[in-house]
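Computed from a prediction, not measured in an experiment: that's the story for all the values here.
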Amino acid sequence: MRCPAGMQAQSLKSRRPVWARPGRRGMLKVNAQQAVAPPPIDLDAKYCETVHATKRRPTRTVMAGKVPIGSDHRVALQTMTTTDTKDVEATVAQVKKCADAGADLVRITVQGRREAKACQEIRQRLFQDGYDVPLVADIHFQPAVAMMVAEAFEKIRINPGNFADGRKTFEQINYDDPAEFEAERAHIEEVFTPLVLKCKELGRAMRIGTNHGSLSARILSFYGDTPKGMVASAFEFAEVCRKHDYHNFVFSMKASNPLVMVQAYRLLAEEMYARGWDYPLHLGVTEAGEGEDGRMKSAIGIGALLMDGLGDTIRVSLTEDPELEIEPCRRLADLGNKADSERWGVEPFEELTRDIHNYEKRKGDLPVQKEGEAFDFRGLLHRDGTVYNAVTPEELTKQPELTYHKLGCKLAVGMPFKDVATTDAIYMRTIPPSSSTEGRRAIKRLQDVAIHVIAPAAELHKDPLPGAVTMHTLRECLAAQANGGLTLPQGSTRLAVQVDGSESIEEVAALKQLSADVVLLNVREGTQRFHASRRVFETLQREGINTPVVHHISFPEGTPRDELVIYTGSIIGGLLVDGLGDGVLIDAPHEDLEFVSSTSFGLLQGSRMRLTKTDYVSCPSCGRTLFDLQEVTDQIRQRTGHLPGVAIAVMGCIVNGPGEMADADFGYVGGAPGKIDLYVGKEVIKRGIPHETACDQLVQLIKDYGRWVEPPAEEERGAEGNKELVGST
């Protein structure tokens, strides 16, 4: 059993640290005598207090000025300024906006000595104006600058990837002997120790903040571009702190990919449990982007960890004005604080099948066409991730073509056809009666293109709908089985089973007896969805049940959009990052159908399942940014937003740029004022391009590498003179 409550941390002496095991992409040159088989996954490794309830991981309290960070306190909120730090007036004004919006801490980039001098004035001006919000200096490459700004700011963030190793490179270093790798730690200690002693003397806090995109060449060469390398890099610096009895620091393990980010934080927590360390965690998904997509990606990564009780301070990194980060940040923090204080969870259960170190999606069996069926049911589920939408009879009878459009269909003379981001089926609590010619015709047109209707059995028995997928609760199915067998309504050949999370292990295991095409996991009110779902999947895995599972989540009228996105990302995304689920049905009758559909596909894209649009890795901007990031990101999105499966990184500077583009196909990076560097993967292809032509040259680069398709032609939609235009291919 992993992480039972009260389990004692395993002594580090009894096992080799996970982060110290060579990664598959690391150890570029190893002697044959040194090569060893990778150790088996340790499913008993403790990374959280318990997997069946939300319980904060106990930590010490770290003080950043007046703000306490740790498990005895609420989750603290952070953001970062985007102004030029040398512009004292603008920076002071922006810090005030952030503090007024509710930021507990505000980070400011400090590139050099001139910025460090400005920081002294910024701190004094804020104190004079009655603002004592703690300030955090963001340091890259410049140990001497860190020493200067520690005189003024309450907290210093250092990046282990570049604090001692200099500017970012991808040089491959061969270590014939691992002792050579260890020997280079002496240089880190020499460079880092003065800052440790300074912070200890002045009572400053520190964040040892590893970024997936800026690991040093030394770490990359030994561990590869892996969570193991991220943890190892941070621990080298932490051990220097501990050597000098300095403990006022926190850790972070940020990445633009939520799956990598979650794995890295879990591995970090696991190693701290093993060592008996209790340092707090700063959570964040770096370069999350903007708008709904940025909020969703952040919620998936941060929310997954908060539900496991990990995280003591958070930042939602958006390509927007910094004060706008605070509201989604607050929603996430409130969710984590509430889950902990109310002890969200279920009765303890033994978990043996979930692998926290490696992502592997649970494999669900896709439908197979049956002889004699009038409709093609192979489209009921999508191999990469399924989206269902709740639809009412009125939406199909009053404006069917508008509904088709909102479901993501392309249209030809008013007829729907599936596109790259079209819902796979619709869920209807009630169906148009057989007397409704318009309603039944609208459904038939959807069924003809393999967009099926899932409806409750009682509704279909009352008024059969040919080709409908019948939904029964699991307990209804088991009761029918005990009384001679389950009979589907007339015209129905397919079964969906609703599971509500309250069923016993034996009841869930009985799904084996049913020929269900899909399970709708609709956790009942009063049962905690996150942990109840884990328990259901544990049973399915142990019993070898491969029926696909679609998460069905409902929201009451009046739920704000931000809350819907944050909650869905945290709870459903927090399950999908472990491969637990095959899709989602967001049920929000008060919301626009197109928004709900877009949010559903955004969840799957953010969870690295089904890619239906261009994926953007976009940094949130800071004082280092060399162009207007929001404006440029919007320009690039308008030109390239129709390229599903293509990932484009938009980076304001080179600090994290090349590294975070490990997840991107193409990169647009500020290289110098007014100049842009274009990348393919991590390789710079064009350097010093004038900003005015860079977007055009990015498009050309995508074409040169064979990833371009022309934007879809626009087509008239609607009847009786309705000339709204929608995309078509």
Could you give the distance from CG (Leu318) to CG (Asp293), rounded to the nearest 0.5 Å? 11.0 Å
Would you say Ser607's side chain and Met609's backbone share a donor-acceptor pair under 3.5 angstrom? no
Going by the angle between their ring planes, with limits at 30° and 60°, are Phe249 and Phe251 parallel, tilted or perpendicular? perpendicular
For the residue pair Met307 and Ser570, what are the closest heavy atoms and their distance? CG-O, 4.4 Å
Keeping the roles fixed (side chain from Ser233, backbone from Gly229), state whether a donor-acceptor pair exists under 3.5 Å. no
Indicate yes or no: at least one non-hydrogen side-chain atom of Arg204 is less than 4.5 angstrom from one of Lys155. no
Heavy-atom closest pair (Glu350 atom, Glu538 atom, distance to 0.1 Å) is O-CG, 3.6 Å
Decide, yes or no, whether a salt bridge links Lys46 with Glu270 under the criterion of side-chain N to carboxylate O below 4.0 Å. no
May I ask you to say whether Arg295 pairs ionically with Glu320, meaning some side-chain N is under 4.0 Å from a carboxylate O? yes
Flag, side chain of His212 to backbone of Pro227, donor-acceptor distance under 3.5 Å: no
Where is the tightest heavy-atom contact between Ala333 and Leu77, given as atom of each residue plus distance? CB-CD2, 3.5 Å
Hey, does the Lys NZ or Arg CZ of Arg242 hover above the aromatic six-ring of Tyr246, less than 6.0 Å from the centre and inside 45° of the axis? no
Return the CH2 to NE2 distance between Trp277 and His247, rounded to the nearest 0.5 Å. 10.0 Å
When you check the gap from the basic side-chain N to the acidic O, do Arg56 and Glu49 get nearer than 4.0 Å? no
CZ (Arg362) and CD (Gln541) are apart, to the nearest 0.5 Å, by 6.0 Å
Side chain Ser533, main chain Arg529, donor-acceptor under 3.5 Å: yes
Taking every non-hydrogen atom, the tightest pair across Cys241 and Ile208: SG-CD1, 4.2 Å
Within the 4.5 Å heavy-atom criterion, are Val240 and Glu236 side-chain neighbours or not? no
Do Asp578 and Lys361 pass the salt bridge (charged side-chain N to carboxylate O under 4.0 Å, His left out) test, and can you show the C-alpha distance, the side-chain angles, and the key distance before you say yes or no? CA-CA 7 Å; Asp578 283 321; Lys361 184 178 179 294; over 6 Å; no
Do Gln94 and Thr82 have a side chain donor and acceptor closer than 3.5 Å? yes
Extract all donor-acceptor atom pairs below 3.5 Å that involve side chains of residues 67-74 and protein atoms in other chains or at least two apart in sequence.
| from | atom 1 | to | atom 2 | distance (Å) |
| --- | --- | --- | --- | --- |
| Ser71 | OG | Thr59 | N | 2.8 |
| Ser71 | OG | Thr59 | O | 3.4 |
| His73 | NE2 | Thr61 | OG1 | 3.0 |
| Arg74 | NH1 | Asp104 | OD2 | 3.0 |
| Arg74 | NH2 | Asp104 | OD1 | 2.7 |
| Arg74 | NH2 | Asp104 | OD2 | 3.3 |

Could you please spell out the steps behind the side-chain contact (heavy atoms from CB on, under 4.5 Å) verdict for Arg207 and Val136? CA-CA 9 Å; Arg207 169 159 67 98; Val136 185; 5.8 Å; no
Would you call Arg123-Glu154 a salt bridge at under 4.0 Å N-O? yes
Using a strict 4.0 Å threshold on nitrogen-to-oxygen distance, state whether Arg57 and Asp278 make a salt bridge. no
Taking the side chain as every heavy atom from C-beta outward, state whether Phe235 and Met272 have any pair of such atoms under 4.5 Å apart. yes
Working for salt bridge (charged side-chain N to carboxylate O under 4.0 Å, His left out), residues Glu239 and Arg275: CA-CA 12 Å; Glu239 285 166 354; Arg275 290 172 174 242; 3.0 Å; yes
Tyr47 versus Asp308, side-chain donor and acceptor atoms under 3.5 Å: yes
Give the intermediate values and the outcome of ring pair (Phe, Tyr, Trp, His ring centres under 6.0 Å) for residues Phe537 and His551. CA-CA 12 Å; Phe537 280 106; His551 294 281; 5.7 Å; yes
Is the shortest side-chain heavy-atom distance between Thr109 and Thr81 below 4.5 Å? no
Taking the side chain as C-beta and beyond, is there a heavy-atom pair between Tyr567 and Ile553 under 4.5 Å? yes
Under the side chain to side chain donor-acceptor pair (under 3.5 Å) rule, what do His282 and Asp312 come out as? Steps first, then yes or no, please. CA-CA 6 Å; His282 168 125; Asp312 306 287; over 6 Å; no
Are Asp340 and Lys55 within salt-bridge range, i.e. N to O under 4.0 Å? no
Are Glu327 and Arg330 ion-paired here, with the side-chain N under 4.0 Å from a carboxylate O? yes
Are the charged groups of Arg542 and Glu351 less than 4.0 angstrom apart, N to O? no
Measuring from atom CG of Leu195 to atom CD1 of Ile139, what distance do you get when rounded to the nearest 0.5 angstrom? 8.5 Å
For the residue pair Val149 and Ile156, establish whether any side-chain heavy-atom pair is separated by less than 4.5 Å. yes
Nearest heavy-atom neighbours spanning Met253 and Ala264: CB-CB, 3.8 Å
Phe192 and Phe163: aromatic ring centres closer than 6.0 Å? yes
Heavy atoms of other groups near Lys200 NZ, more than 12 under 6.0 Å: yes
Mind checking whether His244 and Thr193 have side chains closer than 4.5 Å, heavy atoms only? yes
Glu347 bridged to Arg535 by N-O distance under 4.0 Å: no
Taking all atoms of both residues into account, what is the closest heavy-atom pair of Ser298 and Ser317, and its distance? OG-N, 4.3 Å
side-chain contact (heavy atoms from CB on, under 4.5 Å) for Thr79 and Arg107? Distances and angles first, verdict last. CA-CA 6 Å; Thr79 186; Arg107 183 155 43 116; over 6 Å; no
Can you tell if the side chain of Asp132 reaches within under 4.5 Å of the side chain of Phe127, non-hydrogen atoms only? yes
Check: Leu268 main-chain N/O paired with Glu271 side-chain donor or acceptor under 3.5 Å: no
What's the separation between atom CG in Leu564 and atom CZ in Arg331, rounded to the nearest 0.5 Å? 10.5 Å
Verdict with reasoning, His531 to Val51, per side-chain contact (heavy atoms from CB on, under 4.5 Å): CA-CA 7 Å; His531 304 94; Val51 298; over 6 Å; no
List the steps, then state whether side-chain contact (heavy atoms from CB on, under 4.5 Å) holds for Phe237 with Met206. CA-CA 11 Å; Phe237 282 74; Met206 185 186 296; over 6 Å; no
Out of Leu281, Ile314, Leu283, Val577, which one pairs with Leu305 under the side-chain contact (heavy atoms from CB on, under 4.5 Å) rule? Leu283
Atom pair NZ (Lys198) and CE (Met148), whose distance is rounded to the nearest 0.5 Å: 10.0 Å
